[in-house]
Amino acid sequence: MPEVTYRDALRSTLHEALSGDDRYFMMGEDIGAYGGSYSVTKGFLEEFGHERIRDAPIAESVIVGAGVGAAMGGLRPIVELMTINFSFLAFDQIINTASKVFYMSNGQINVPIVIRMASGGGSQLGAQHSHSLEGWYAHVPGLKVCVPGDPYDAKGLLRTALKDNNPVIFIEHTALYAKKGDVPDEYYDVPFGKLDIEREGTDVTLIGYGGSVSQVLQAADLLSEQGVSAECLDLRTLRPLDVDGIVGSVKKTNRVVIVEDDWRFGGFGGELSSIIQEQAFDYLDAPVQRVCGADVPMPYNKNLEAAALPQPEDIVDAVMAIR
Amino acid sequence: MPEVTYRDALRSTLHEALSGDDRYFMMGEDIGAYGGSYSVTKGFLEEFGHERIRDAPIAESVIVGAGVGAAMGGLRPIVELMTINFSFLAFDQIINTASKVFYMSNGQINVPIVIRMASGGGSQLGAQHSHSLEGWYAHVPGLKVCVPGDPYDAKGLLRTALKDNNPVIFIEHTALYAKKGDVPDEYYDVPFGKLDIEREGTDVTLIGYGGSVSQVLQAADLLSEQGVSAECLDLRTLRPLDVDGIVGSVKKTNRVVIVEDDWRFGGFGGELSSIIQEQAFDYLDAPVQRVCGADVPMPYNKNLEAAALPQPEDIVDAVMAIR
Amino acid sequence: MAKVAEKARKTDLLQSLRMMMLIRRFEERAAEAYARRRLGGFLHLYIGQEAVAVGAVGATREDDYVISHYREHGHALARGLEPGRVMAELYGRVDGSSGGRGGSMHIFDVSKRFMGGWAIVAGHLTTACGLGLAQLKAGKQGVVLCIFGDGAVNEGEFHEALNLASVWKLPVLFLCENNLYGMGTAVERVSAVEEVYIRAKAYDIPTDRVDGMDVIAVRESVNNALAHVRAGEGPYFLEALTFRYRGHSMADAELYRDKDEIGRWRSRDCIEQLRKHLEESGDLGDGEFDRLQEEVDAEVEAAAEFAESSPEPPIESLHARVYAE
Amino acid sequence: MAKVAEKARKTDLLQSLRMMMLIRRFEERAAEAYARRRLGGFLHLYIGQEAVAVGAVGATREDDYVISHYREHGHALARGLEPGRVMAELYGRVDGSSGGRGGSMHIFDVSKRFMGGWAIVAGHLTTACGLGLAQLKAGKQGVVLCIFGDGAVNEGEFHEALNLASVWKLPVLFLCENNLYGMGTAVERVSAVEEVYIRAKAYDIPTDRVDGMDVIAVRESVNNALAHVRAGEGPYFLEALTFRYRGHSMADAELYRDKDEIGRWRSRDCIEQLRKHLEESGDLGDGEFDRLQEEVDAEVEAAAEFAESSPEPPIESLHARVYAE
Ligand SMILES: Cc1ncc(C[n+]2csc(CCOP(=O)(O)OP(=O)(O)O)c2C)c(N)n1
Ligand SMILES: Cc1ncc(C[n+]2csc(CCOP(=O)(O)OP(=O)(O)O)c2C)c(N)n1
Ligand SMILES: [Mg+2]
Ligand SMILES: [Mg+2]
């Protein structure tokens with residue numbers, strides 16, 4: 001299978017949609033002349049022109065709002081918000097318009113929009129530019145939330161997102177764009193709500209999504225050196241969530257560590273932990289553990305930033321504490 | 001002790017601050033000539049004048065942003081955002097500015113601002129106007145979050161909030177403004193991070209905050225008719241959270257039901273549940289239960305809306321399921 | 001030819017009069033139901049502003065989109081939604097235009113291209129831009145009529161939407177109903193420019209200001225504006241000066257304004273003005289107004305009965321239609 | 001008297017020249033350190049725009065506030081922050097102006113009333129309004145100088161801030177550094193009006209446009225504007241036309257513009273212009289420029305050494321100073 005970067009997996013999928021159906025078009029800041037702040041859309045402007053690759057003003061609310069309106073009008077907009085940090089400026093449009101049109105209109109109007117954004121810290125971008133708030137979007141009924149952790153899923157989930165008739169929040173991770181992985185040439189997609197068992201194991205279940213998947217896998221390597229067999233789950237989508245997949249694994253291993261970049265207190269890990277104890281209470285041999293980002297605004301300094309993010313060693317420690 | 005409404009408890013406390021220290025001033029939509037959308041500030045404009053009771057344009061971002069700036073400049077702004085639904089338009093200012101100034105500036109600049117907003121459904125205001133997203137604010141390091149559930153706490157917590165040197169998100173519940181309760185004439189305040197045991201009990205711990213406190217108390221009445229003794233906790237503040245208080249109660253009762261208006265999936269209840277199983281794992285005789293709002297945009301129809309919100313009977317059912 | 005045009009004009013004016021009367025009666029009836037607690041939530045009455053809805057919405061084409069804020073019953077009716085279905089929505093019943101799930105602030109009827117009913121001030125101006133993109137793509141000179149209040153013009157989304165519409169030449173007519181107050185706040189207390197239409201200049205958008213109590217004037221201005229927009233020349237911004245006779249919502253004690261002001265505006269009432277005009281021109285004969293009134297009363301009463309007798313949505317439908325297939 | 005004024009003017013110009021040179025050398029040095037991976041994150045260089053910082057910030061009083069966006073090193077230095085502490089912040093070290101926790105985009109120095117360094121485009125315009133309220137309250141005619149780019153003018157917060165500042169007559173000088181691009185997007189592609197200063201008219205705010213490559217012109221315009229603001233007449237909006245010679249950040253491949261354009265602006269370089277002016281007037285003697293350059297180079301080198309040798313903040317400090325006492 002060809003090795004492809006996460007970035008290229010995204011790009012080729014967008015390209016496929018834009019080429020195949022002229023209801024698709026893109027809007028966002030610097031997606032055209034600049035080529036996309038993470039270079040995902042490089043060359044698109046030249047190929048598809050200004051009407052389909054729309055460089056937008058720095059005005060996140062209308063970027064999303066116009067996307068929602070266009071979707072209501074029958075188009076299939078693909079909106080890029082650069083990073084999740086800027087999505088807060090479009091927050092009302094996402095959580096109070098996009099997600100509610102279908103329900104409020106009693107199913108008369110659907111909103112087939114894909115809203116892409118990059119998430120995650122780790123590049124010393126400081127407190128205002130390093131959020132990982134996937135969990136907030138996952139909280140909102142009416143939205144679907146994708147968090148691909150590798151190139152295969154990036155392509156497969158994006159294909160599914162582009163065909164979906166609901167608003168899909170598609171969250172890419174900044175640290176992954178250059179990451180390579182196997183991506184088949186043949187057509188495939190990745191359904192929503194089906195997690196990926198990245199590695200099977202028997203002693204403990206490690207759960208990650210988006211950026212934390214690679215931490216989980218690294219931790220699993222370290223653990224196997226110490227004779228611990230970790231089952232690694234990549235959630236792929238947070239909403240819908242593959243509850244059966246999670247619970248099934250926990251019933252097998254009886255121990256769980258959840259890993260996420262986001263702040264611990266009040267984060268999505270709490271939901272995962274709750275679901276597990278609700279549905280597998282009698283199977284748990286130890287409390288569900290969470291390894292999360294530190295509850296502080298992200299510091300700029302490199303060492304402090306590393307300390308604020310979950311590292312493979314922290315995961316190993318958490319596992320050892322419940323052995 | 002005099003019986004006072006939640007509204008009057010808030011009003012008299014604001015009045016006290018405004019009268020006592022001229023660094024306090026208020027900004028918000030319709031707080032002046034209109035008297036406040038929930039009539040909390042009625043008469044203030046006449047008494048304190050336009051410079052201290054500032055009727056603002058409908059422009060939530062600059063209302064909060066100007067509040068943050070004024071606080072950075074040494075004033076003590078009290079901002080009213082009408083309802084939590086409109087706070088999403090100021091979301092970036094709250095979570096990406098207010099909460100981060102102190103940390104990013106290495107402690108040079110603090111932001112003593114109180115941001116008030118009304119939360120909750122139940123009045124048939126429809127999907128865009130019925131959010132209960134206290135948990136989102138509680139997720140953000142740098143913020144403090146108050147959720148008074150009765151007039152006593154409304155006054156006591158607001159006093160503490162007004163003296164705090166950090167941004168405080170002060171969330172009032174729409175259903176409570178007219179509610180009466182005992183409020184002493186003598187000075188008192190309610191510290192942050194100390195829950196209130198509204199009722200002691202032995203069989204199960206019921207946890208509520210803000211609007212759900214009264215549901216919890218009603219459920220406790222119903223339960224006591226059935227011979228179940230419920231301990232009722234009112235969290236009062238979500239951040240800081242009284243973890244010891246919660247865990248202590250659970251260690252006594254061994255069973256817990258968490259009640260909140262907000263959507264269940266990915267909500268703050270998940271955090272509470274996780275903390276409990278992390279810190280009282282061996283004391284739990286049954287999975288921690290959550291009784292929450294339905295995972296749907298709030299419907300307008302009265303019956304549907306009632307079905308979407310946690311009712312005392314739902315709490316009773318949840319308790320009975322784990323007896 | 002002149003005669004045909006004259007006749008069309010007369011029909012049009014009579015229709016306008018009737019529609020204004022229908023809207024007013026509809027709102028009065030809703031207020032009665034509210035007072036009798038037959039319906040809940042917020043209720044934002046349109047009484048006083050009818051000339052704007054009728055003058056503007058009445059000028060749109062079938063393939064145009066209309067989108068509005070939460071004070072939208074009048075716009076919905078003027079767009080041709082059935083009064084019974086709108087009233088049933090206020091009642092929260094299954095036969096409501098949004099099946100009782102949307103409510104007074106969220107009237108939708110996609111068959112009429114009436115795209116809501118929105119409760120976040122200025123939020124739907126951005127939606128209108130997107131509908132404008134869809135119209136551009138359709139390539140049939142359809143436009144978007146986007147209606148909002150004076151309170152919306154200070155919100156960031158107003159700015160973002162007008163700028164984008166101008167830069168991308170979107171076919172949107174932005175219609176601001178300036179009724180001088182946003183809730184209890186007078187325009188001049190919160191807007192840097194009292195003449196709201198001046199705002200459009202910052203976006204190089206052509207603009208006009210019209211007497212919103214005069215349905216004939218509104219229709220004329222809107223026709224001008226629509227011609228510009230339909231010709232592909234980009235957006236247009238129209239300010240209609242008007243007044244709501246009632247409080248902001250049913251909960252408003254109106255502490256912020258005096259009865260005199262309301263009286264002054266009432267003396268220029270849109271229905272009375274047009275009635276007089278038609279009576280003077282002889283187009284409205286003796287007793288015709290009363291006959292119209294009876295018709296309209298009956299129509300609204302039927303709508304209320306329809307709403308009253310429509311069933312409540314079943315509880316099982318709570319979780320239905322959260323997601324599209 | 002005339003002589004004294006002349007001398008002050010000369011001193012001022014020489015100081016301006018030196019400060020522009022300092023800023024430029026500082027930025028070049030930072031770029032070198034970045035290339036050698038001594039520092040990370042984003043790095044937004046100010047090279048080319050120095051006349052604006054020096055002309056504008058240099059005109060402020062000690063009790064004024066200055067607040068800026070993420071391309072703020074120049075503003076910080078012009079405000080008198082120590083180059084060593086600013087450089088140490090870029091390095092993320094304890095001696096940085098924000099203790100290494102803020103970074104390149106978040107320079108703060110409250111002792112200099114330099115209130116950041118903000119990374120959300122247009123967000124700090126609202127903060128500036130609040131600082132303006134604090135200045136009003138202080139009642140000493142202090143003002144707020146708020147600096148931002150052309151990209152900010154399309155953001156909703158720009159609108160909300162300008163409107164509020166106008167309505168409340170806040171003492172804020174809004175200074176837009178129009179360097180023709182927001183990242184890779186040319187102003188005219190995203191702004192309905194290419195002349196950004198026209199925007200101010202929608203808020204009834206007086207406005208001016210100045211050549212941002214000419215420090216003398218900038219100083220003059222800013223002095224005018226500040227006089228207005230200080231007199232309590234409300235905000236002022238100033239647009240300075242300028243250009244960044246480098247990419248948006250170190251990651252920018254500059255696909256969106258050609259070398260010619262950069263060349264044209266370089267030919268009007270602010271440092272060269274002032275140098276020539278001073279040499280022609282005889283105020284800058286033979287070899288003096290080179291001597292200044294040496295001085296500045298040494299100062300920046302010392303700053304870099306200070307930064308290099310400053311310790312990393314201790315890991316234990318991660319959880320410190322999240323909340324104020
Ligand atoms: C973003 C937002 N902020 C505040 C409100 C509360 N609110 C509802 S209507 C209103 C006044 C709007 O006035 P205007 O736009 O003039 O419309 P009118 O009611 O006069 O028709 C306000 C402040 C809201 N719905 N949305
Ligand atoms: C709200 C927001 N949206 C997007 C960005 C990403 N971004 C950073 S700088 C920038 C361009 C800003 O351009 P301008 O205001 O002209 O300032 P300049 O870089 O030219 O100095 C963008 C889009 C951001 N930081 N904040
Ligand atoms: Mg109004
Ligand atoms: Mg720029």
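Below, chains carry the letters A, B, ... as their sequence lines are ordered, and counting in each starts from 1.
If you tally non-hydrogen atom pairs under 4.5 Å between each of Met104(A), His131(A), Arg290(A) and chain B, the highest count goes to Arg290(A). For the options Ser273(B), Pro297(B), Pro299(B), heavy-atom pairs under 4.5 Å to chain A are most numerous at Pro297(B). Of the listed residues (Val140(A), Ile94(A), Asn85(A)), the one with the most heavy-atom contacts under 4.5 Å to chain B is Val140(A). Taking chain A as the reference chain and counting heavy-atom pairs below 4.5 Å, the highest number among His139(B), Glu278(B), Lys100(B), Glu271(B) is found for His139(B). In terms of heavy-atom pairs under 4.5 Å with chain B, the best-connected choice from Gly126(A), Pro287(A), Gly270(A), Ala280(A) is Pro287(A). If you tally non-hydrogen atom pairs under 4.5 Å between each of His129(A), Gln289(A), Arg264(A) and chain B, the highest count goes to Arg264(A). Contact count versus chain B (heavy atoms, under 4.5 Å) is highest, among Leu284(A), Leu89(A), Val288(A), Asp262(A), for Val288(A).
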- [ ] Please step through side chain to side chain contact (heavy atoms under 4.5 Å, CB included) for the pair Trp136(B) and Ile95(A), ending with a clear verdict.
- [x] CA-CA 13 Å; Trp136(B) 275 351; Ile95(A) 70 130; 3.8 Å; yes
- [ ] Might you work through the side chain to side chain contact (heavy atoms under 4.5 Å, CB included) test for Ile276(A) and Gln277(B), ending with a clear yes or no?
- [x] CA-CA 11 Å; Ile276(A) 293 166; Gln277(B) 68 91 31; over 6 Å; no
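Within 6.0 Å of NZ in Lys252(A) there are more than 12 heavy atoms belonging to other residues, nucleotides or ligands. The number of heavy atoms from other shown groups lying within 6.0 Å of OH (Tyr283(B)) does not exceed 12.
Ring geometry, Phe91(B) versus Phe91(A): the interplanar angle falls under 30°, so the pair is classed parallel (tilted spans 30 to 60°).
Tyr103(A) contributes atom OH, which lies 9.0 Å from atom CE of Met298(B) (distance to the nearest 0.5 angstrom).
A distance below 6.0 Å separates the ring centres of Phe265(A) and Phe268(B).
Proximity of a side-chain donor or acceptor of Asn96(A) to a complementary backbone N or O of Gln128(B) within less than 3.5 Å is detected.
Both the backbone and the side chain of Thr97(A) come within contact range of chain B, judged by heavy atoms closer than 4.5 Å. Contacts between Ala294(A) and chain B at a heavy-atom distance below 4.5 Å are absent for every atom of the residue.
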